[in-house]
2 protein chains.
Amino acid sequence: MHTLSEENYLKCIYRLWQDRGQKITPTAIAEWLGNNPASVVDMIRKLTDKQLIIYDKKKGVELTPQGQKDATLIVRRHRLWEVFLLEKLGYDWDEIHDIAEDLEHIKDGTLADRLDKFLGFPEYDPHGDPIPRANGKMAKRHSTTLADVKHGTLCRVAAVKDTTSAFLQYLQKLDINIGTKIQLIEKIQFDGSLVISIAGGERTTVSQKFGENILIDM
Amino acid sequence: MHTLSEENYLKCIYRLWQDRGQKITPTAIAEWLGNNPASVVDMIRKLTDKQLIIYDKKKGVELTPQGQKDATLIVRRHRLWEVFLLEKLGYDWDEIHDIAEDLEHIKDGTLADRLDKFLGFPEYDPHGDPIPRANGKMAKRHSTTLADVKHGTLCRVAAVKDTTSAFLQYLQKLDINIGTKIQLIEKIQFDGSLVISIAGGERTTVSQKFGENILIDM
DNA sequence: ATATAAAATTAGTCAAGGCTAATTTTATAT
DNA sequence: ATATAAAATTAGCCTTGACTAATTTTATAT
Ligand SMILES: [Mn+2]
Ligand SMILES: [Mn+2]
Ligand SMILES: [Mn+2]
Ligand SMILES: [Mn+2]
């Protein structure tokens, strides 16, 4: 079994891997985790020894099939606990991530599956991210962002990329949740700002960065 | 905040303290945790520095008011999670303790209280141990064991002292749960064995050790 | 092609929390 | 009172997973 730290690295690598198709470097991992690159190099050696990753200076870090499997399970636990915290314990959107960050490391053979069943086999977590199934498969991730669509498009908030409470609280203030309908009225050439209408309401302007962190459906 | 290890020591000391009125020695702690006495001496120093315990060679280890408070909260979390695992996730009696051993260390300001509410403010955990309330108070612990009563007494299983799966599985086999009525038919002089009738059924003989681990009501 | 900057790696340090082995202190039995 | 046993403590070592500082490798711009 893996240590808490190994699991956090695994999950980070998994995250970076499916985020973009980019090369996963020690520096990228270090930045994501807020650790020193030297520490990352140490851990890369450990995970390599455990055959969870392969590290090639050219290709960067890649998960082995076993590494993928293990990372997926951690993500599954994380997202299931998030659903539990929100739905059953009444936490807010922006509070659940940090607690799930710890709960995801509780290791028990049947815990995730029982929790899954208890929650009614949810497909998505409260941030709109798909929850890996017991068999490792999971629903498609949304990939189009609000910043990607043409002006005039009416879309539906499917997920959020950023899960910091700064962003989530801003969304709360704007009354945006998963499922909220947003119409893109205009893109400002100058800085990519977006003029939008939330749930048919009046016009609001948000930054490009904001738009890039909203994943949408149509 | 305390580390996982500090919390486990605190809880252990709390346990030994309310178990009997006996002196809490490094050796006793070491035995309970399965650690080396040398390690215990180290941790005693740390907890003393944090003002959670007072150690006197004569009196042994004692919890300070703060130490008591902190230990109580850990126990509260442990027992609430046990209720959750049994009632909501359908685990068996003998499986919940080890998982709760990890869950009890999840630290969040409101988690215990929310869980408590979600579970309907249970007074006792699945082993019959009282759950400390949010204010630190808790219901009286049961203290009379099946081995203590006179022959002929009809009593009710209120709690179990031992929570190992060996004991709990044995109880399952005998069809004994919290609330089960047991009549003590006879005490065998020779070795303290107990002849009992479970829920009005036929006679069964159990050991003295068995009887000492069943706490009862009348 | 070379200078410079960035990234990766190595070497050495640290704290936490274990351990063993050796020693000192305390208790117990003669 | 003394010998012996048990308990407590000290000293030194180990692993994990961080860090900093120094060095080497790789990439980039002139
Ligand atoms: Mn985590
Ligand atoms: Mn999430
Ligand atoms: Mn524990
Ligand atoms: Mn219990």
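Note that the structure is a prediction, hence the values are computed from the model and not measured. Protein chains get the first letters and strands the later ones, always in sequence-line order, with residue 1 at the start of each.
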Please report the distance, rounded to the nearest Å, between [atom1] in [X] and [atom2] in [N].
| X | N | atom1 | atom2 | answer |
| --- | --- | --- | --- | --- |
| A:L33 | D:dA18 | CG | C1' | 12 Å |
| B:K57 | C:dA27 | NZ | P | 12 Å |
| A:I44 | D:dA18 | CD1 | C1' | 15 Å |
| A:D56 | C:dT9 | CG | P | 11 Å |
| A:K23 | C:dA7 | NZ | P | 11 Å |
| B:Y55 | C:dT25 | OH | P | 14 Å |
| A:M43 | C:dT10 | CE | P | 17 Å |
| B:K50 | C:dG17 | NZ | C1' | 13 Å |

Respond yes when some side-chain nitrogen or oxygen of [X] is under 4.0 Å from OP1 or OP2 of [N], and no when none is.
| X | N | result |
| --- | --- | --- |
| A:S5 | D:dA18 | yes |
| A:S39 | D:dC19 | yes |
| A:R45 | D:dT16 | no |
| B:K46 | C:dA16 | no |

Using the six-membered ring wherever Trp is involved, compare the ring planes of A:W81 and B:W81 and label them parallel, tilted or perpendicular (cut-offs 30° and 60°). perpendicular

Angle class for the B:F210/B:F167 ring planes (parallel below 30°, perpendicular above 60°, tilted otherwise)? perpendicular

With sequence neighbours excluded, residues passing side-chain hydrogen bond (donor to acceptor under 3.5 Å, both in side chains) with B:N35: B:Y9

Return whichever of B:P37 or A:N36 has its heavy-atom-nearest nucleotide of DNA chain D closer to the 5' end. B:P37

Partner of C:dA15 under the Watson-Crick or G-U wobble criteria, both distances under 3.5 Å, comes out as D:dT16

G-U wobble or Watson-Crick pairing nucleotide for D:dT28 (cut-off 3.5 Å, both distances): C:dA3

According to salt bridge (charged side-chain N to carboxylate O under 4.0 Å, His left out), who are the partners of B:D113, at least two apart in sequence or on a separate chain? B:R76

Would you tell me whether A:K161 and A:H127 have side-chain atoms, one donor and one acceptor, within less than 3.5 Å of each other? no

Among D:dT20, C:dG17, D:dT9, the nucleotide that comes nearest once only the side chain of A:A38 is considered: D:dT20

